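Worksheet: the structure to be examined is printed underneath.
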Amino acid sequence: MGDPASILARAEETLRPLHLAASQAWWDSSTAATEEHERQRVAAELALSDALAEPDLFREVSAARENGAESLVRRELELLYQGLLSNQVPEEIRHRIVQLEASVDSRFSQHRAIVGGRQLDDNEIRRVLRESDDPAERREAWEGSKTVGAAVADDVRQLARLRNEAARGLGYRDWFALALATMEMDENRLFQTLDECDTLTAGPFARWKAETDAALARRFGCGVDELRPWHYEDVFFQEVPVTGSVDTSEAFADTDVVALARKTFDGLGLPTATILDRSDLFPRDGKSQHAFCIDIDREGDVRVLCNIEPSERWMETMLHEFGHATYDRECDRTLPWLVRTASHPLTTEGIAMLFGRLTRDPTWLTEVAGVDRADVAALRPDLVAARRAGLLVFARWVLVMTTFERRLYADPDGDLDAFWWDLVERYQRVRRPDGRQAPDWAAKIHLAAAPVYYQNYLYGELFASQLDATLATRTGGLVDRPEAGALLAREVFGPGTSLRWDELVARATGGPLSAAHLARQLAA
Ligand SMILES: [Zn+2]
């Protein structure tokens, strides 16, 4: 009964098929959001959650964890313990959470904004906000993008209450605290890092933003103080608008996004054919409008969902998702199943960002995308500025999301609508629409579907910057360098989560995760 090896063997035997079924069902419901698929997804997730809730298994794992064991077994027990812990919750609460998550997620997949009497998908809304010079049309598109928030806000608050109830039953302050603990993250350190990033970015962001606002005001023929959220390009202003950045739209207008992604990874000796074969890459009704990667079986069945159109944004997203996919696929398959997955969300986001950033990399643009050398040379200063602006804009956006999310769990019944805009005004320096009273925060799918995840993107940026410096020193860069692919496979992908994230980062980059390299990139 009690020896760690047999506990782990039995746990794997139970959990592995349930995990596979839940992954498959999640894929099905994201590629075709039908009622039947939602039902199947809920059934599969409930079965997995029930197995993770088993009190006997939890007791055994807790006891075995206290006793010494060799390091890999200890690591497996620790991960299993964390996975079980957040499920030691009364069945009724667990089941309501799973059902509500699936229901909200499926409404996101089905929802299309109505603009000018027409249904527009997210790509079409983005096109209006990129191209239209008509503020009224832009405003309508932006407002349309927020209607999904109003449709799901009550349920997102309810999810926060239910998650809190679960966390408090386990002795945690709220779900925010529990989620960080089971992700091996320290809340104090997280907010120290956020403060550090706030300090690092506040000045440069304000200067960049003032120039960009002046350019936008000229474009729209209004005063800077009249700019509102719809004058920017991304509905959350989480990306840099073309005004105030570099316009690479021509370089990407006829891009074969799939072919360039394949070529990028081929150049590193990291093949993508089996992933591409199983992926679902182009837009369709009733399909999730987002992008993600999923490792179905930890045996090589890795898939990507995208909604590609020829644009820099989708090129970046495709490289990002194939960064995740390559990580999953290159995980050492001789490792035990429990540790055969990315070390941590932040390490896989870091890899994804390292690849996503390539669309503004002069070497990638010439060697992989085949843009004329002279054109790239002429663009080079703008590309450097655009990369820097991208880091600034994204860091400010994560400050909004993570600070908001802590409040969502601290006070799910509070005035979240106003708090959201307080944060947007403070960190992103975007003015709220006059008299706006709407749950605009709820239009961000992560709050419902990927709770307490957003901080991983900021840590991911830090890890990407740190890896970038390591690759520059050890392999002379990333693009078209098989030795860089080999380094990533050996030092980052291979070990899976047999190493804790902080150990993995230190081993791969020679130092602990810090904001130093990001600071250097911002200063450059
Ligand atoms: Zn990602």
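Because the structure is predicted, anything quoted here is derived from the model rather than measured.
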> Step by step, would you call Glu461 with Gln521 a side-chain contact (heavy atoms from CB on, under 4.5 Å)?
Replying inline: CA-CA 11 Å; Glu461 291 281 14; Gln521 284 182 318; over 6 Å; no
Please determine if [X] and [Y] form a salt bridge, counting it only when a charged side-chain N lies under 4.0 Å from a carboxylate O.
{"X": "Arg432", "Y": "Asp422", "result": "yes"}
{"X": "Glu187", "Y": "Arg173", "result": "yes"}
{"X": "Arg163", "Y": "Glu101", "result": "yes"}
{"X": "Glu483", "Y": "Arg490", "result": "no"}
{"X": "Arg373", "Y": "Glu367", "result": "yes"}
{"X": "Arg360", "Y": "Glu316", "result": "no"}
{"X": "Arg16", "Y": "Glu299", "result": "yes"}

>> If you take the centroid of each ring, where Trp contributes its six-membered ring, are Tyr232 and Phe236 closer together than 6.0 Å?
In response: no
> Is it true that Trp142 and Trp230 have ring centroids separated by less than 6.0 Å?
Replying inline: yes
> Does the cation-pi check pass for Arg303 over Trp27, that is, NZ or CZ under 6.0 Å from the six-membered ring centre and within 45° of its axis?
Replying inline: yes
>> Testing Arg387, Glu312, Arg313, His320 one by one against Thr359 for a side-chain hydrogen bond (donor to acceptor under 3.5 Å, both in side chains), which residue passes?
In response: Glu312
> So among Thr255, Asn307, Asn123, which one has a side-chain hydrogen bond (donor to acceptor under 3.5 Å, both in side chains) with Trp314?
Replying inline: Asn123
Main chain of [Y], side chain of [X]: is a donor-acceptor contact present, judged purely on distance under 3.5 Å?
{"X": "Asp382", "Y": "Leu379", "value": "no"}
{"X": "His324", "Y": "Phe292", "value": "no"}
{"X": "Thr402", "Y": "Leu399", "value": "no"}
{"X": "Arg481", "Y": "Gly476", "value": "yes"}
{"X": "Glu321", "Y": "Cys293", "value": "yes"}
{"X": "Lys444", "Y": "Met401", "value": "no"}
{"X": "Lys146", "Y": "Val235", "value": "yes"}
{"X": "Gln466", "Y": "His517", "value": "no"}
{"X": "Thr497", "Y": "Thr341", "value": "no"}
{"X": "Arg329", "Y": "Gly300", "value": "no"}

> Just by distance, with hydrogens left out, do Gln192 and Glu196 show a side-chain donor and acceptor under 3.5 Å apart?
Replying inline: no
> Do Ser311 and Arg127 have side-chain N/O donor and acceptor atoms under 3.5 Å apart?
Replying inline: no
Do the ring planes of [X] and [Y] sit parallel (below 30°), tilted (30 to 60°) or perpendicular (above 60°)?
{"X": "Tyr454", "Y": "His446", "value": "perpendicular"}
{"X": "Phe205", "Y": "Trp208", "value": "tilted"}
{"X": "Phe322", "Y": "Phe265", "value": "tilted"}

> Can Gln82 and Glu184 be said to form a side chain to side chain donor-acceptor pair (under 3.5 Å), step by step?
Replying inline: CA-CA 9 Å; Gln82 289 160 16; Glu184 305 185 311; 2.9 Å; yes
Check whether any side-chain heavy atom of [X] lies under 4.5 Å from a side-chain heavy atom of [Y], and answer yes or no.
{"X": "Phe237", "Y": "Val400", "answer": "no"}
{"X": "Leu180", "Y": "Gln455", "answer": "yes"}
{"X": "Leu358", "Y": "Val368", "answer": "no"}

Could you state the interatomic distance from [atom1] ([X]) to [atom2] ([Y]), rounded to the nearest 0.5 Å?
{"X": "Asp468", "Y": "Thr509", "atom1": "CG", "atom2": "OG1", "result": "12.0 Å"}
{"X": "Leu305", "Y": "Ser30", "atom1": "CG", "atom2": "OG", "result": "6.5 Å"}
{"X": "Asp328", "Y": "Thr348", "atom1": "CG", "atom2": "OG1", "result": "6.0 Å"}
{"X": "Leu129", "Y": "Ser145", "atom1": "CG", "atom2": "OG", "result": "7.0 Å"}
{"X": "Leu79", "Y": "Thr182", "atom1": "CG", "atom2": "OG1", "result": "11.0 Å"}
{"X": "Met315", "Y": "Cys306", "atom1": "CE", "atom2": "SG", "result": "9.5 Å"}

Closest heavy-atom pair and its distance - [X], [Y]:
{"X": "Gly149", "Y": "Ala442", "value": "O-CB, 3.5 Å"}
{"X": "Val393", "Y": "Val240", "value": "CG2-CG2, 3.8 Å"}
{"X": "Gln289", "Y": "His111", "value": "NE2-O, 3.3 Å"}
{"X": "Phe355", "Y": "Gly323", "value": "CD1-CA, 4.0 Å"}
{"X": "Ser106", "Y": "Ala33", "value": "O-CB, 4.5 Å"}
{"X": "Val258", "Y": "Ile308", "value": "CG2-CD1, 3.9 Å"}

> Per the side chain to side chain contact (heavy atoms under 4.5 Å, CB included) rule, which among Leu354, Leu478, Val505 passes with Leu467?
Replying inline: Leu354
>> I'd like to know whether Val424 forms a side-chain contact (heavy atoms from CB on, under 4.5 Å) with Asp440, so could you lay out the CA-CA distance, the side-chain angles of the two residues, the decisive distance to 0.1 Å, and finally the verdict.
In response: CA-CA 11 Å; Val424 170; Asp440 295 324; over 6 Å; no
>> Working note: Asp295 + Arg340, criterion side-chain contact (heavy atoms from CB on, under 4.5 Å); need CA distance, chi angles, decisive distance, verdict.
In response: CA-CA 10 Å; Asp295 185 350; Arg340 207 188 301 154; over 6 Å; no
> Would you find more than 12 non-hydrogen atoms of other residues, nucleotides or ligands less than 6.0 Å from Arg500 atom CZ?
Replying inline: yes
> CG of Asp254: more than 12 outside heavy atoms within 6.0 angstrom?
Replying inline: no
>> Go through it in stages, so that I can follow the logic: the residues are Asp234 and Trp397, the test is side chain to side chain donor-acceptor pair (under 3.5 Å), and I'd like the CA-CA distance, side-chain angles, deciding distance and then a yes or no.
In response: CA-CA 11 Å; Asp234 180 87; Trp397 162 241; over 6 Å; no
>> Met318 vs Leu281, test: side-chain contact (heavy atoms from CB on, under 4.5 Å). Steps then yes/no.
In response: CA-CA 9 Å; Met318 186 71 176; Leu281 299 175; 3.7 Å; yes
>> Show, in sequence, the C-alpha distance, side-chain angles and deciding distance for Arg41 and Glu45, and conclude whether the salt bridge (Lys or Arg N to Asp or Glu O under 4.0 Å) test is met.
In response: CA-CA 6 Å; Arg41 171 185 159 176; Glu45 286 182 2; 3.2 Å; yes
> Knowing that exactly one of Trp441, Phe404, Tyr427 qualifies, which makes a ring-ring contact (aromatic ring centres under 6.0 Å, His included) with Trp420?
Replying inline: Phe404
